[in-house]
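Keep in mind the model is a prediction, meaning the values are calculated, not measured. Labels below follow one simple rule: chain letters A, B, ... track the order of the sequence lines, proteins then strands, and each chain is numbered from 1.
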Number of protein chains: 2
Amino acid sequence: MGYKKKTTIKDIANVLGITPSAVSKALNNHPRISEKTREAVLQVAKNLNYQPNHLASALRKGKSNLVGVIIPRANSNFFSSIIEKIEDILNKKGYNVIITQSNESYEKECRNIEALLFTQVDGILASMANETIKLDYYKKVKAKGIPLVLFDRGENDLDVDYIGIDDYLSSHIVIEHLVEQGCKRIAHIGGFSHTRIYKNRIRGYRDALKKYNLPIEDELIIESNLRKKDGREIMKSLLALPNRPDAVYVAGDYAALGALEVMKEYSIKVPQDIALVGFSNETFSSLVTPSISSIEQHSEQIGKLTAQTFLKRIANPEEKVTLNKIILKPELIVRDSSRKK
Amino acid sequence: MGYKKKTTIKDIANVLGITPSAVSKALNNHPRISEKTREAVLQVAKNLNYQPNHLASALRKGKSNLVGVIIPRANSNFFSSIIEKIEDILNKKGYNVIITQSNESYEKECRNIEALLFTQVDGILASMANETIKLDYYKKVKAKGIPLVLFDRGENDLDVDYIGIDDYLSSHIVIEHLVEQGCKRIAHIGGFSHTRIYKNRIRGYRDALKKYNLPIEDELIIESNLRKKDGREIMKSLLALPNRPDAVYVAGDYAALGALEVMKEYSIKVPQDIALVGFSNETFSSLVTPSISSIEQHSEQIGKLTAQTFLKRIANPEEKVTLNKIILKPELIVRDSSRKK
DNA sequence: TACTTTTGTTCCAACGTTTGAACAAATATA
DNA sequence: TATATTTGTTCAAACGTTGGAACAAAAGTA
């Protein structure tokens, strides 16, 4: 009741008849403070329900203990479990995590970066929006000397730490699997090739086809936003071809799902007529009928490494910029949509 | 190159030969500052690439412009779109949003609250973990006078603003629909009844059965965590009953999905043999075969109202505590899993 | 006993911003 | 012209914490 003034170290100091700085030192386990005083301070702090003022200490120390995370959207297994892991690790080290979503929009992403910088975060962990081509805002972060770690969606030009999977290899694994299943005409529904990861998947797809002496046909390679409806539309166009593919490798599960729907509508047998492989191993991929084969990207691993890379960077800021580029091995989860035998 | 000292208002002041306080006032559009000075300040600020130090102003003003959000997990359509909306609205008002996940754990939730309080957030918007029964931490937030708004998962005992849907009514709508489809023996896979929303769904289910003169049988009402595997296990136990239900109403889509899987495995025709209705309208619900009927909870609406309620609360903190309890109408999306005719 | 070292504390300035009071100059009012 | 008002700025303290320098007291060393 009445007015609730917050307890400060000054209040504690007054109670004990010592100075605020002694209290501060006691609370921070300064080696020069006596055990007796430390205990007394702790006791009084508890009694008065003392809550340290983070803003004050952050201001004084020039360190906010806040870390910003930017993801395209939380609404996917992949990103939400990365975040879970990042939170986990950074919380243990005394950091709080601010999560923001770009919704795949460049503009929103810029605003997020602005907001994070404004909040004085100690670092930014980001996965770039599909739309993002200009890197000016990220360069600004770098210029300010704020540690920046990219994961999954990165850019080579940016010259920062990066954690992701080997997209090029993923495509190889997928094609190898499809070839094993006897497929000979494999289409690729990909993301836009201006995004590094999608470019690599496309490159991997082409190279793998070459490796297995399969023809590369431009009409079988389509770039898109990889939403479900994109998958639908592109699948329809593929079915309209005089010479249909016998397999489709989709660079995202949502689009794969759209493609699957269309094939079902056209009474095409999956995988007998056309085999299907997706990417990202979304929750639903194992749940639809037939279940969709997909590339698992080891999100926990990515989350863990991203957080650790940030911590490493913070620990030795002066360190010569030996970039941490960590590329994880993808894993293909084979399911009904591509299992012919 | 060299060392990068941050620009402060002092630097601006020096350039112009005025005092820092004049600069501050210019930047904050103080009415007493001359247009000439204001413009000069803005110009210099731009040239020096000035970035206001949020920590300092937050400390001085006793307001961090940070709002904490606690959700069980981001990995669902429902919560991620609520968050998107909250971010949207609060960003426009100059707030930054810190998102934390409890992973449905009481302990993690408490740690999140601690962390948010520590960060000096100006308010907390939360949806409680399933596990949470004790309200001590939330009471602490209230005691500190920090605005607290609950959404979706709330508690009446807590006496705070709340935004959610009418769970009791939802059950009525579901049962009415199932009765219309000719179902007579309707099971309910519910959440734990110590959670308000699940209690209400169960209550609504019971009352609706009564209304339609259907028998209430305890063996057809099972409480669980509503994960997919819970749905699977419970569905199996329901199928093991001597007298199987002809419809299952599940209080969450993940569990509904598990139930559906089991039914498919047992070659049960859905909806002919057993109709199925879920809850939350997750992404996958429309995508599986058969598509799952589900309750849509208007997440954007909830997000919007939650943010607005917070803003209202902040605007008049002294206001007599007339609680904002906003209860939205649910909507049943009828799909194949329950459409018999 | 005289000196050095260690221990426990106080002192004080700083972090960057804000804000009310004070003040001088310019302008308006009588 | 004298006085009141308005305008534009400076002054100084404050927000709560931190950490190095300073210092006195206690303990250790010769």
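- Ring orientation note: the planes of B:His54 and A:Phe118 are tilted relative to one another, at an angle of 30° to 60°.
- Residue A:Ala22 has its side chain nearest to C:dT10 when only D:dT17, C:dT17, C:dT10 are considered.
- The ring-ring contact (aromatic ring centres under 6.0 Å, His included) search around B:Tyr95 returns B:Phe310, not counting sequence neighbours.
- Between B:Gln51 and A:Pro20, the residue anchored closer to the 5' end of DNA chain C is A:Pro20, taking for each the nucleotide with the nearest heavy atom.
- Heavy-atom neighbours of B:Lys10 NZ from other residues, nucleotides or ligands within 6.0 Å: at or below the threshold of 12.
- Against DNA chain C, the stretch residues 116-123 of chain A makes no heavy-atom approach under 4.0 Å.
- Contact annotation: side chain of A:Ser21 to base of C:dC11, donor-acceptor pair present below 3.5 Å.
- The nearest whole Å value for the distance from the CG atom in B:Leu16 to the P atom in D:dT9 is 11 Å.
- Between the side chain of B:Tyr50 and the backbone N or O of B:Lys6, no donor-acceptor pair lies under 3.5 Å.
- Listed by residue number, the members of residues 23-38 of chain A with any heavy atom below 4.0 angstrom from DNA chain C are A:Lys25, A:Arg32, A:Ile33, A:Ser34, A:Thr37.
- Here the nucleotide nearest the side chain of A:Ile18, chosen from C:dT19, C:dT17, C:dT10, is C:dT10.
- At the heavy-atom level, A:Leu55 lies nowhere under 4.0 Å from the strands shown.
- Side-chain contact, A:Ser64 with A:Gln120: no donor N or O sits under 3.5 Å from an acceptor N or O.
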